[in-house]
Enquirer: 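Here it is, the structure, as structure tokens.
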Amino acid sequence: MASKNTWIDGLAIEQLFTTANLPDMVKVVGMPDLHPGQGYPIGAAYFSADLIYPSLIGSDIGCGMALWQTEIPLAKLSIDKLERRIGNIDQPITRGKYNLGTIGGGNHFAELQKVSEIYDHDLFAQYQLSNKNLFLLVHSGSRGLGHAILQQHVAKFGEKGLAQASPEAQTYLEKHNNALDFAHYNRQTVAERLFDNLNTTGREILNVHHNFLERVNDEGQQGWLHRKGASPATAGLVIIPGSRGDYSYLVNPIANADLLSSLAHGAGRKWRRADCKAKLENRYSTDQMLRTKLGGRIICEDRDLVYEEAPQAYKSIDSVIESMQQAGLIQIVAQLTPVLTYKTQGGD
DNA sequence: ATGTCC
């Protein structure tokens, strides 16, 4: 799906061929944010006829993006004040419940953003959006719950596909659906905690998974659509964020049944996590790393994570968005710019 | 990715 301007790691393409050759796999589609994962690539959709592959969904079942329009006005915006008030939501709200209400690690974040450009004024108005308010974007998933589900599954059945009618497939699907609900609610809980700290409220604009399994009809054939880092083109508006130093785009998907009704879920990694620190630590101080070119600030008290999720480690979001726009897959509603990115207040 | 991990 990618245009010539989109950089794609050769290993990710290899991994995509590997998945295409799995038993019963009918069709695979790589998104422009495709990048290598653990055996299988991220940023792709996989359609099988009868076999379900839990490992293709991965351990963060229900990972996704949710967006709110907050009541915080942009006028007289003080980032200092936001930074002081945003507080610490690293501790779960209930013990023993898989860290409900927390963001998690890796590429997960909560980010206050402002609208920097409106592309489609009609849709912007139709969804009652305002460029005078801050937005909150939450990228998180099912935390320890999804992880436990996949771990238990793989321990028993390994990587092989499961026939949909088998008891093990039914068991997995039931747990998978619970994880989707948990992930959806987790993103809402994260938002509510931040709203409390910031003394505001918000209206949910979207709350959409990009790691999940769905029963669909693809060009006349019933089967199982596995999305791994792929946003659905069938669930209304989606937001496709760049790195913390880049824009996010709120887009209206245009139906693309032949491409498995899916879109990129972000910019996609360019550098492996393990390489980031060595590439960056001699060039930038930690303080420099916590400010971005677009004027955003980062709260991240985990030094390794600061490097691992650096903007330099990600592809350009504009190249990813451009690919999909040129292919006629999206209608851009608005561009948003990061103001304050919350990763963790905790220690290393 | 992970109530992470020695």
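Reminder, nothing fancy here: chain letters follow the sequence lines and each chain counts from 1.
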Enquirer: Checking all strands, does A:Gln38 fall into the base, sugar-phosphate, or nothing category for heavy-atom contacts under 4.0 angstrom?
Expert: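 Result for A:Gln38 = base.
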Enquirer: Roughly, in whole Å, what's the span from CG in A:Leu305 to C1' in B:dC5?
Expert: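 To the nearest whole Å, that distance equals 16 Å.
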Enquirer: Would you say A:Lys228 and A:His210 make side-chain contact, with heavy atoms under 4.5 Å?
Expert: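 No. Closest side-chain heavy atoms not under 4.5 Å.
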Enquirer: NA contact type, A:Gly105, heavy-atom cut-off 4.0 Å: base, sugar-phosphate, or nothing?
Expert: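 Sugar-phosphate only.
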Enquirer: Which whole-number value in Å describes the distance from A:Leu150 CG to B:dT4 P?
Expert: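 Roughly 17 Å, once rounded to whole Å.
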Enquirer: Listed by chain and number, what are the salt bridge (charged side-chain N to carboxylate O under 4.0 Å, His left out) partners of A:Lys114, not counting sequence neighbours?
Expert: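 Checked A:Lys114 against salt bridge (charged side-chain N to carboxylate O under 4.0 Å, His left out); zero matches.
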Enquirer: Can you tell me the distance, in whole Å, between the CG atom of A:Asn186 and the P atom of B:dG3?
Expert: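 Checked: the CG to P distance equals 10 Å.
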Enquirer: Without decimals, in angstroms, what is the distance between A:Lys343 NZ and B:dT2 C1'?
Expert: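 My rounded result for the distance is 14 Å.
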Enquirer: Does A:Arg227 have any salt bridge (charged side-chain N to carboxylate O under 4.0 Å, His left out) partners at least two apart in sequence or in another chain, and if so, which?
Expert: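 For A:Arg227, the residues satisfying salt bridge (charged side-chain N to carboxylate O under 4.0 Å, His left out) (neighbours in sequence not counted) are A:Glu214.
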Enquirer: Look only at the side chain of A:Asn21 and the backbone of A:Phe17, and say whether a donor-acceptor pair between them is shorter than 3.5 Å.
Expert: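 Yes.
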Enquirer: How many Å lie between CG on A:Asp304 and P on B:dT2, as a whole number?
Expert: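 Rounded to whole Å, this separation is 16 Å.
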Enquirer: Base, sugar-phosphate, or nothing for A:Gly106, non-hydrogen atoms under 4.0 angstrom?
Expert: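 It contacts sugar-phosphate atoms only.
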Enquirer: In whole angstrom, give the distance that lies between atom CG of A:Asp90 and atom P of B:dT2.
Expert: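 Interatomic distance, CG of A:Asp90 to P of B:dT2: 13 Å.
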Enquirer: Round to the nearest Å and state the distance from A:Gln91 atom CD to B:dG3 atom P.
Expert: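 Interatomic distance, CD of A:Gln91 to P of B:dG3: 13 Å.
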Enquirer: Starting from P on B:dT4, measure out to CG on A:Leu145 and report it in whole angstrom.
Expert: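 Distance, rounded to whole Å: 15 Å.
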Enquirer: Have a look at A:Gly37 and say if it touches a base, only the backbone sugar-phosphate, or nothing, with a 4.0 Å heavy-atom cut-off.
Expert: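 The answer is nothing, as A:Gly37 stays clear of every strand by at least 4.0 Å.
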